[in-house]
Amino acid sequence: LFEVPVLGGMPRRIRSHIRGHLAYSPDNRRFAYVKDETQLVVSSLDGNENEVVAQSRPGDRWIVTAWSPDSTRLGAAIYSASDSRCRLVEVDLATGTVKPIPTPPWLRIGSVKWLPDGTGLVMTARDIETELSQVWFVSYPDGAVRKITSDPNSYQGISVSADGKSIATVRQERLVNIWTAGATGSGRFSRITRDLARDEGMSGVSWMPDGRIVYTVRLAGNQDLWVTGDPQQQLTFDSDANFSPAVSPDGRSIVFISSRSGNPSLWRID
């Protein structure tokens with residue numbers, strides 16, 4: 001972490017080995033950050049004071065944090081390897097107590113900010129139903145959630161205006177299709193799929209012996225396996241994620257990863 005004068009000058013290093021987003025206290029004298037993914041640390045802006053306020057449990061890791069407007073607690077996101085889910089918690093700065101904010105689990109929480117009046121938080125997160133990174137409002141302390149955005153795009157990073165009436169975020173518009181190229185490096189490319197907002201092949205492709213391609217499609221929150229052809233054919237029909245296909249050399253079986261039974265595991269279909 002460096003401090004840089006607005007009018008120019010030499011940067012001053014404040015702290016090293018910082019991971020994740022910084023969260024500044026309302027008086028701008030302290031900041032919170034994640035160290036080694038296992039420690040939630042509060043430091044003074046001059047870098048002289050450094051305190052570990054919370055330690056993650058084995059298998060968990062801190063992702064992002066946000067300082068409450070009354071300076072008494074941190075809102076934070078924790079990733080649990082046991083079920084590959086993220087959860088929103090609050091950390092009492094006086095005692096280090098970690099208490100869940102009762103929202104549903106998330107596939108990913110990207111950024112979190114408190115509203116200035118402390119009545120809730122806004123965040124970018126991927127929910128289990130749609131798997132898309134959207135902007136959400138989380139009421140505090142009851143944890144009721146409401147979507148602020150709802151579209152096929154993804155949103156990353158978030159900032160709240162001083163009066164709490166506006167937010168800023170980055171929208172990512174993504175177009176992913178499958179292309180082929182000659183192995184000789186001749187520069188000849190062929191576009192195989194052309195659909196919009198389906199992330200075609202983004203989570204895996206695999207050739208079949210007959211020249212067709214098995215690939216992933218994300219549609220309406222589900223991720224399934226499809227195969228090219230005329231017409232294209234859907235191979236899996238499941239509400240969870242199916243990805244990373246591998247076709248057997250004889251073309252009779254496909255092994256892939258699926259979360260249909262909970263944790264991601266290997267499955268096989270004809």
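Quantities reported herein were computed from a predicted structural model and do not represent experimental measurements.
- Looking at Y140 and E90, their side chains do bring a donor and an acceptor atom within 3.5 Å of each other.
- Cation-pi geometry between R260 and W267 is met: the NZ or CZ atom falls under 6.0 Å from the ring centre, inside 45° of the normal.
- Counting only heavy atoms from C-beta outward, the side chains of N177 and Y215 never approach each other to under 4.5 Å.
- Salt bridge annotation for D151-K147: absent, with no cationic side-chain nitrogen under 4.0 angstrom from a carboxylate oxygen.
- Within a 6.0 Å radius of CZ in R12, other residues, nucleotides and ligands contribute more than 12 heavy atoms.
- Checking T97 against T95 by side-chain atom types alone, a donor-acceptor pair falls below 3.5 Å.
- Between the side chains of S111 and T124, at least one donor-acceptor pair of N or O atoms lies under 3.5 Å.
- Checking side-chain atoms of S259 against main-chain N and O of P264 turns up no donor-acceptor pair under 3.5 Å.
- Using a cut-off of 4.0 Å between Lys/Arg side-chain N and Asp/Glu carboxylate O, R85 and D83 are scored as not salt-bridged.
- S133 has its side chain within reach of Q156: a pair of non-hydrogen atoms, C-beta onward, lies under 4.5 Å apart.
- Separation of atoms CD1 (I78) and CD1 (I63) is listed at 8.5 Å; rounding is to 0.5 Å.
- Looking only at side-chain heavy atoms (C-beta outward), D92 and T72 stay at 4.5 Å or farther from each other.
- Using modelled atom types, one side-chain atom of T149 and one backbone atom of V135 make a donor-acceptor pair closer than 3.5 Å.
- Contact check for W114 versus R73: side-chain heavy atoms found under the 4.5 Å cut-off.
- Under a 3.5 Å cut-off, the side chain of T216 and the backbone N or O of S203 do form a donor-acceptor pair.
- For S190 (side chain) and T180 (main-chain N/O), no donor-acceptor pair under 3.5 Å exists by modelled atom type.
- Judged by distance alone, the side chains of S253 and R268 never bring a donor and an acceptor atom under 3.5 Å apart.
- Side-chain contact between W226 and R198 is present, with heavy atoms from C-beta onward closer than 4.5 Å.
- S25 places a side-chain N or O within donor-acceptor distance of the main-chain N or O of R30, the cut-off being under 3.5 Å.
- Residues V34 and V41 fail the side-chain proximity criterion, which asks for heavy atoms closer than 4.5 Å.
- Of all heavy-atom pairs between G164 and L115, the closest is O-CD2, 4.4 Å.
- Between S43 and E49 the shortest heavy-atom distance is OG-O, 3.0 Å.
- Ring-centre distance between F31 and W67: not below the 6.0 Å cut-off.
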### Task
Please report the C-alpha distance between T169 and S159 in whole Å, then the side-chain angles of each, then the deciding distance to 0.1 Å, and finally whether the side chain to side chain contact (heavy atoms under 4.5 Å, CB included) criterion is met.
CA-CA 7 Å; T169 183; S159 180; over 6 Å; no
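- Between the side chain of N242 and the backbone N or O of Q223, at least one donor-acceptor pair lies under 3.5 Å.
- Side-chain contact between Y33 and L1 is absent, with no heavy atoms from C-beta onward closer than 4.5 Å.
- Side-chain atoms of L235 and I269, non-hydrogen and from C-beta on, do get closer than 4.5 Å to each other.
- Formation of a donor-acceptor pair under 3.5 Å by the T228 side chain with backbone atoms of I213 is found in this model.
- Heavy atoms only, all atoms of each residue included: A76 and L40 are closest at CB-CD2, 4.3 Å.
- Under a 3.5 Å cut-off, the side chain of W207 and the backbone N or O of R212 do not form any donor-acceptor pair.
- In this structure, the separation between CZ on R194 and CD on E200 is 11.0 Å, given to the nearest 0.5 Å.
- Side chains of T38 and D36: no donor on one and acceptor on the other come within 3.5 Å.
- The two atoms that bring P11 and V4 nearest to each other are CB-CG2, 4.0 Å, heavy atoms only.
- With no hydrogens or angles considered, no side-chain donor-acceptor pair links T193 and D195 at under 3.5 Å.
- For the residue pair T236 / D224, a side-chain donor-acceptor distance below 3.5 Å is found, with atom types taken as modelled.
- Taking every heavy atom of both residues into account, I128 and P105 meet most closely at CD1-O, 3.7 Å.
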